[in-house]
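The structure appears below as structure tokens.
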Amino acid sequence: MFIYLDNASTTKPCAEAVQSAVAAMTENFGNPSSLHRVGLDAQIAVDNARKIIADSIGADSSNIFFTSGATESNNLALRGICSAYGRKRRKIVASSVEHASVEETLSALEKSGFEVVRVSPESDGKFYSADFLNACDDNTVMITMMYVNNETGYILPIKETFQAVKRKYPDIITHTDCVQAYMKIPFKANALNADLISLSGHKIHAVKGTGVLYIKKGVRVIPVMTGGKQEKGIRSGTESVPLICAFGSAVEKYNPTIKERYQAVSALKSRLLANISAIDGISVNSAEDASPYIINISMGKRSEIMLHFLESKGIYVSSGSACSKGQQSGVLSEFGVSDKNADSALRISITAETTESELDEFVKILREGMATLRG
Ligand code: PMP
């Protein structure tokens, strides 16, 4: 049995993505910077993917910069904006539940003298845009908020918050990590009021090692990486043509069906939650209106023990966030989950390709684990 329910960690590349990566490694293997035909063909392939990704978020190709993944996009966004605009304005406002690639970068910026204000959810476990707005002032250089939380699926109110912030403080730069929202929740860059958006390839059935930073026209980002001035100098280093082509192909495949897949995944989530509710001792940490792609539960047994029990039966889930390598990130406690429940949290992350029978099998084995494993 092989039931993969850890799609927030990474997804299986789709056939189209694999095919374009292979084509770019076998036939179209040139360096996009080369001035000859072979280089030009590679450049055309990169720009084709750039256009597909730009279109998917209502942007222009000139706004899309390829990186090695969302970790790099987040670093580039935060460090690049603070270098460009942070001489006088020294404060950054952020949500308290950001992914490590944002949170660790914030800590580094804090050490270099920036003040970071982390806005937490209120006692009802919800984020409110007024709290973010109140944290901003004339000294604020940027605000960063993820769209969908990777541990619980919680959807942050970025649209309302960025709109309110831009209205009161037009100079504050807005950045959002959209890794867990992209190709799952439809959005356009302009409608989000986002100056910068981070995306990752491997969360959407493309390949690990490629990402995008969208930069709104007129926003200045000082590069982190210096070198051959690829990507208009924003991100030096020879473009990974195969991974970029794979990224473009995955977006081309999935972009037209975001809404249909959202509905299908919502139905899968409802079925899963209904079946889980029949098992004693399980609580759900994900809000009802969270992204249906991520379901976080606590089940009274140490996460790792249950994770390995499920693994022994061929079912793969995550404990908390896979990115934290078994370490608790503190995100669940921000959402009001007790330490005990955080210790026994499991993250189930699904796709539209997940089947009802896979989820039913998961529930059956989970029930078995609940009955046989010691707390
Ligand atoms: N942000 C979020 C919300 C994520 O879930 C992840 C992946 N775990 C990242 C950033 C980092 O993406 P990448 O693996 O492409 O560096």
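Order of listing sets the numbers, starting from 1, for every ligand and every atom in it.
Ser291 and Lys184 share no donor-acceptor pair across their side chains, judged by distance under 3.5 Å alone. Asn285 and Ser298 share a side-chain donor-acceptor pair at under 3.5 Å. For the residue pair Thr354 and Glu358, no side-chain donor N or O sits within less than 3.5 Å of a side-chain acceptor on the partner. Checking Ser249 against Ser20 by side-chain atom types alone, a donor-acceptor pair falls below 3.5 Å. Of the N and O atoms on the side chains of Asp137 and Thr140, at least one donor lies less than 3.5 Å from an acceptor on the other residue.
Considering Asp177, Asn74, Thr144 as possible partners of Ser198, the one that fulfils the side chain to side chain donor-acceptor pair (under 3.5 Å) test is Asn74.
Below 3.5 Å of separation, one finds no N or O of Ser9 facing any N or O of ligand 1. No N or O atom of Thr210 sits closer than 3.5 Å to an N or O atom of ligand 1. Close N/O approach between Ala70 and ligand 1 is found [any backbone or side-chain N/O within under 3.5 Å]. Considering backbone and side-chain atoms together, His202 places an N or O closer than 3.5 Å to an N or O of ligand 1. The shortest N or O to N or O distance between Glu72 and ligand 1 is not below 3.5 Å.
Between Phe187 and Tyr147, the ring planes lie perpendicular to each other; the angle is over 60°, past the 30° to 60° tilted range.
Close contacts between ligand 1 and Gly69 involve ligand atoms 15 (O) [criterion: under 4.0 Å to a heavy atom]. Here is the list of ligand 1 atoms found below 4.0 Å of a heavy atom in Met146: 3 (C).
Only the side chain of Asp177 comes within 4.0 Å of ligand 1, counting heavy atoms alone; its backbone N, CA, C and O stay farther away.
Judged by the shortest distance from any of its heavy atoms, Lys203 lies inside the 4.0 Å radius around the atoms of ligand 1. Contact annotation: Ser101 has at least one heavy atom less than 4.0 Å from an atom of ligand 1.
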